[in-house]
Amino acid sequence: MEINKIKCGKFSFNVPNFDLKLTMFSGQTSQPPWKHKNDYYQELIFIEDKPCLIKVRQKNNHLEVKYETDTKVSPQDIKKTIKYIFDLEFNLDKFYFNFTQNDSIFSRIVEKYNGLRLFLAHNKYECIISSITSANNSISKWTRSILRIKEKLGRKYVFPSSEEMYYFPDPETVLENKDKLKYCGVGYRYKYIVETTKILYENLSIDEVNKMEYDEAFETLLELPGVGPKVADCILLYGFRRYEAFPVDIWITRAIKDLFGVSKDIREFGQSKFGKYAGYAQLYLYQYIRHKK
DNA sequence: TGTAGACCTGGCAAC
DNA sequence: TCTAACAGGTCTACT
């Protein structure tokens, strides 16, 4: 699909306490890392319902941004979206202060992974399907599946720089192209994706879930096929920016056991210990245990 | 109520 | 080059 009335531009802005690469490749996200090309990370996102190709790279404390989009989209809109996706408004210093007080282990974790932030989803439906696909799956296989879904079912956009990008399909397209979905390497999760998509298309509004209190949203998401506690918390954290969510996978289980000797009711433990910082705590705990020697 | 086993895929180790 | 064990959450059937 060609885009009319396109404009290209670039700008940069200050991003203290942020590590783009660490954030994008944290492994704890609801979306694969953006495509790396010519020293920039690029992704197609929708801003004000208009397709927008965004390219970002970090130079010290500055984030350099290039964009190609509809003339109606302003650089301010793009900046606001980027700030949301990388959670740049979150007060990381305050979190560090709470997380590390009188704690040498956490102080070392924070020092090592300084600037790591949540990599938030720009498309909530994609986030839900992506999180279901990630369950019982390795990062590399999961990444490949999501890229295949985009390429086989998504809409292709061609930008002035000749860049071809695919956008994640909407629920209607997924339901109309179920056969193609079978060849995206999602395995037995295929039926979960189709059934969940049907529910989201016919009965449950994602916007309504977004308005719910955390507990109600968690219980509602558990009703979706293929969504258990871990996936529900992933959706709430990365898709709906609910900082109190504490997704517990095998690595977080290991980290909590390793650091606190707790091996039961890990989610409750994490939420009680870290409160409104639970989501950020699990992000750092994951890095700690994955790289522990 | 709690738990064992099935579900898929593919990179990797052993042969 | 081929084969087998393995990792990773959710669901279902069974106790």
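In what follows, every chain begins at residue 1, and chains take the letters A, B, ... in the order their sequences are listed.
- The CG-P distance, from A/N137 to C/dG8, rounds to 11 Å in whole Å.
- Cation-pi contact between A/R267 and A/F218: present, with separation from the ring centre below 6.0 Å and deviation from the ring axis of at most 45°.
- Judged by distance alone, the side chains of A/Y167 and A/N123 do bring a donor and an acceptor atom under 3.5 Å apart.
- If you measure from atom CD1 of A/I149 to atom P of B/dT9, you get 13 Å, rounded to the nearest angstrom.
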Item to check | Step-by-step side-chain hydrogen bond (donor to acceptor under 3.5 Å, both in side chains) determination, A/D170 to A/T173 | outcome: CA-CA 5 Å; A/D170 56 30; A/T173 307; 2.5 Å; yes
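- Within a 6.0 Å radius of CG in A/N14, other residues, nucleotides and ligands contribute more than 12 heavy atoms.
- Residue A/R254 places at least one side-chain N or O under 4.0 Å from the OP1 or OP2 atom of C/dG8.
- Residues A/H291 and A/Y113 bring a donor and an acceptor atom of their side chains to less than 3.5 Å of each other.
- Paired with A/S26 under the rule side chain to side chain contact (heavy atoms under 4.5 Å, CB included), one option of A/L118, A/L116, A/D19 passes, and it is A/L116.
- Distance CZ (A/F218) to C1' (C/dT10): 13 Å, rounded to an integer number of Å.
- To the nearest whole angstrom, the two P atoms, one in C/dC6 and one in B/dC15, are 13 Å apart.
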Next on the checklist: Taking Watson-Crick (N1-N3 plus N6-O4 or O6-N4) and G-U wobble (N1-O2, O6-N3), each under 3.5 Å, can you produce the dot-bracket string of DNA chain C? Use [ ] for crossing pairs and | for inter-strand ones.
Outcome noted: ..|..|||||||||.
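- Using a 4.0 Å heavy-atom criterion, one finds that A/K141 contacts the bases of the nucleic acid, with or without backbone contacts as well.
- Of the C1' atoms belonging to C/dG9 and B/dC12, the separation is 22 Å, rounded to the nearest Å.
- Atom-to-atom, CD1 of A/I250 to P of C/dC6 comes out at 15 Å; the value is rounded to the nearest Å.
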Checklist entry - Are A/Y243 and A/Y277 close enough, and set up right, to give a ring pair (Phe, Tyr, Trp, His ring centres under 6.0 Å), and what steps lead you there? => result CA-CA 6 Å; A/Y243 294 125; A/Y277 295 119; 8.1 Å; no
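- The CD1 atom of A/I266 sits 15 Å away from the C1' atom of C/dG9 (whole-angstrom rounding).
- Summarising the local packing, CG of A/D49 is surrounded by 12 or fewer heavy atoms from other residues, nucleotides or ligands at distances under 6.0 Å.
- The closest side-chain donor-acceptor pair between A/Y280 and A/D87 falls under 3.5 angstrom.
- We find that OH of A/Y286 is positioned 9 Å from P of C/dG8, with the value rounded to whole Å.
- Taking atom CH2 on A/W142 and atom C1' on C/dT10, their separation rounds to 17 Å, with Å as the unit.
- Nearest-nucleotide positions on DNA chain C for A/R290 and A/L222 put A/R290 closer to the 5' end.
- As rounded to the nearest Å, B/dG11 and C/dT10 have C1' atoms that lie 23 Å from one another.
- The residue A/R267 sits apart from the nucleic acid: no heavy atom pair falls under 4.0 Å.
- A/Y201 and A/I206 fall within a single hydrophobic cluster, where Ile, Leu, Val, Met, Phe, Trp and Tyr are joined by side-chain heavy atoms under 4.5 Å apart, directly or via other members.
- Following rounding to the nearest Å, A/N136 (CG) and B/dG10 (C1') show an atom-to-atom distance of 13 Å.
- Of the side-chain N and O atoms in A/W251, one or more sit less than 4.0 angstrom from OP1 or OP2 of C/dG8.
- Within residues 176-201 of chain A, the residues approaching DNA chain C are A/Y188, A/R189, A/Y192, by heavy-atom distance under 4.0 Å.
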